[in-house]
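Structure record follows, encoded as structure tokens.
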Amino acid sequence: MDPTKHDMKHVNPEPPPAILDDAAREEIAALVDRQRRARGLLMQVVTFAGGQVEDAMKFLPKGVRGRLDRAARDALERSYEVASKTSGRATGDRSNKVIATISGALGGLGGLPTALAELPVATTVIFRAVQDVASRNGEDPLSAETRTECLRVFGSGGPGDGDDGVDTTFVGARLSLSGPAVHRLIATVAPRFAALLSQKLASQAVPVLGAAAGAGTNYAFTGYFVEMAHVHFGLRRLARTFGEEQVLDEFHRVLASRSYPVKRA
């Protein structure tokens, strides 16, 4: 340890976080509402529709079914790399949903083969939408740290009743930005993302009819992850001013007051 730096912290200690004010409390409550909306009717409809044809996928060869986890990992890795080369210019939530909808429609035209081929495109579009949200919350969208946090959004749960949604333990976490660490994070996130992708693929399994289903699922998934990104990066932004303890305590308090299940760290 450098004794000079240690002494300087005593002479010039870091200022304490600001006291949580009414405006911040209102913003945290709005983030809770975003999390609740993400798990709303549209995602429930998509889950139900996907479940109706998911049984048909059980009859596919094991090699095809086994490709899903790998496809999720490959799509996330590609999106992480592509995100480092984009301009970082925000395009807006609505525009990203439109792009994802078109991609899903094209992917569903040929049934399962084209749906699998479209997965990396859809994932990159969603990743870019999450990156936009990070930028609007004051983070550098091209930095390795921000792109790593974008990956964490893909592990933020799903529309099922048994899932709590966004995990707020991320706020104080400082992940290593090394290549192996990023691959470990992707390996952790990919199974949860793959579980959502199974719904998407099931709905796109029938050629031509899958185009409409692909458009709908891509629209829904983009909306879901965008909402999760607003919660994720909104809490990070507030924590930079008010400290993570105050922000998370208030977030969990509002969740509990609205009878929304929450998983404490």
Side-chain angles (χ1 to χ4, degrees), residues 14-44 46-47 76 93 126-127 129-139 141 145-177 181 184-186 188-193 195-196 220-265:
E14 294 182 3
I19 301 299
L20 206 63
D21 57 24
D22 289 342
R25 293 180 190 278
E26 289 179 5
E27 188 168 358
I28 290 171
L31 292 177
V32 171
D33 289 339
R34 277 188 177 275
Q35 178 163 313
R36 293 168 66 87
R37 282 199 302 270
R39 300 162 60 80
L41 179 61
L42 182 58
M43 287 303 294
Q44 293 177 29
V46 170
T47 302
L76 289 171
D93 294 346
I126 296 172
F127 196 105
V130 171
Q131 201 180 7
D132 280 351
V133 175
S135 177
R136 281 180 267 160
N137 279 277
E139 308 213 16
E145 179 181 359
T146 299
R147 289 184 291 127
T148 301
E149 291 300 328
C150 290
L151 283 174
R152 298 190 70 166
V153 172
F154 282 84
S156 61
D161 293 336
D163 203 303
D164 289 343
V166 70
D167 176 10
T168 56
T169 60
F170 63 80
V171 173
R174 293 295 178 265
L175 298 175
S176 169
L177 300 180
R184 285 195 297 272
L185 175 60
I186 290 174
T188 301
V189 169
R192 302 193 78 180
F193 185 47
L196 283 176
F221 287 162
T222 303
Y224 174 77
F225 284 114
V226 163
E227 293 298 309
M228 290 293 100
H230 277 291
V231 177
H232 185 100
F233 290 106
L235 289 175
R236 280 173 58 86
R237 173 174 47 78
L238 289 167
R240 290 194 288 271
T241 300
F242 300 101
E244 63 181 85
E245 184 175 356
Q246 288 189 98
V247 169
L248 291 188
D249 282 351
E250 178 66 11
F251 185 79
H252 289 306
R253 186 191 69 78
V254 176
L255 280 171
S257 71
R258 299 183 182 181
S259 301
Y260 191 72
V262 59
K263 194 180 294 182
R264 296 302 299 266

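Just so you know, these numbers use all the heavy atoms, side chains as well, and skip hydrogens, waters and symmetry mates.
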[X] side, atom [atom1]; [Y] side, atom [atom2] - distance, nearest 0.5 Å:
X	Y	atom1	atom2	result
Thr146	Arg236	OG1	CZ	6.5 Å
His232	Leu31	NE2	CG	12.0 Å
Asp249	Glu244	CG	CD	10.0 Å
Leu255	Arg253	CG	CZ	10.0 Å
Ile126	Tyr224	CD1	OH	11.5 Å
Leu76	Leu185	CG	CG	9.0 Å

Can you give me the closest heavy-atom contact between [X] and [Y], atom names plus distance?
X	Y	answer
Val247	Phe242	CG2-CB, 3.9 Å
Arg34	Val231	CB-CG2, 4.0 Å
Ile19	Gln246	CA-OE1, 3.8 Å
Asn137	Gly234	OD1-CA, 3.5 Å
Gly155	Val189	N-CG1, 3.5 Å
Ala229	Val153	N-CG1, 4.0 Å

Parallel, tilted or perpendicular: rings of Phe154 and Phe127 (30°, 60°): parallel
Arg237 side chain reached by Glu27 side chain, heavy atoms, under 4.5 Å: yes
Candidates Glu149, Arg136, Gln131 - the one meeting side-chain contact (heavy atoms from CB on, under 4.5 Å) with Phe233: Glu149
